[in-house]
Amino acid sequence: MRVPGPCAECGARGAARYRCPRCGTAYCSVPCCRTHRERCASDSRRDRERERAGDGQGLPAPQPCPANSPWTVEDILSEEDEQDRVPLQKLKLLGESEELKGLLLNPHLRQLLLTIDQAEDKSSLMRKFMQEPLFVEFADCCLRIVEPPEKENILPE
């Protein structure tokens, strides 16, 4: 088992379970992620400006955080989160589902999904949206695709 290191933002020991997909810096929480993301983005901008203008010292500018650096699921999930992991093959099935594509044509559902994506407190918003029948239909469709019901649980017709 990989033991998390210290958080690069708040310094909490053994708490850094997540990594920046740009530069690989470890952090422990959403607030630390936001702090790091702001710093990482501003460092990248400053480095690009310095590189364009030349720093006047003849030294190469430090490399900015590579925006498309490879990251792995292990950077995001710890071993205890492994049970929540969906294999890539099953995720690809979501894109192939005609039923799901049909649901996603609904502008109200699309707005709900955008709202969740852009929200800071996603968990409370998810609890609220799970009261919306359209969102529940979407979630059930996704679950049926990635976790098909077992044959023994299906009633005979």
Original post:
Side chain of R110, backbone of L104: donor and acceptor closer than 3.5 Å?
Top reply: yes
Subject >> 4.5 Å side-chain heavy-atom contact, F129 and V136 >> reply: no
**OP:** Please report the closest heavy-atom contact between G95 and K101, naming both atoms and the distance.
**Re:** O-CE, 2.9 Å
Subject >> Worked verdict on E99 versus R144 for salt bridge (charged side-chain N to carboxylate O under 4.0 Å, His left out) >> reply: CA-CA 11 Å; E99 180 186 7; R144 278 193 309 272; 2.7 Å; yes
Original post:
Is it true that L103 and M130 fall in one hydrophobic cluster, defined by side-chain heavy atoms closer than 4.5 Å?
Top reply: yes
Original post:
Which residue pairs satisfy the side-chain hydrogen bond (donor to acceptor under 3.5 Å, both in side chains) criterion with at least one member in residues 116-126, sequence neighbours excluded?
Top reply: D121-S123, D121-S124
**OP:** Go through L112 and F138 one step at a time and tell me if the side chain to side chain contact (heavy atoms under 4.5 Å, CB included) criterion holds.
**Re:** CA-CA 11 Å; L112 292 175; F138 167 75; over 6 Å; no
Subject >> Qualifying residue, where the test is side chain to side chain contact (heavy atoms under 4.5 Å, CB included) with E96 and the options are L93, L100, L94 >> reply: L93
**OP:** Scan residues 125-137 for pairs that pass salt bridge (Lys or Arg N to Asp or Glu O under 4.0 Å), counting only residues two or more places apart or in two chains.
**Re:** none
**OP:** Could you grab the distance from atom CZ of F135 to atom OG1 of T115, nearest 0.5 Å is fine?
**Re:** 10.5 Å
**OP:** Test H108 against L134 for side chain to side chain contact (heavy atoms under 4.5 Å, CB included), laying out the working first.
**Re:** CA-CA 8 Å; H108 180 61; L134 179 60; 3.6 Å; yes
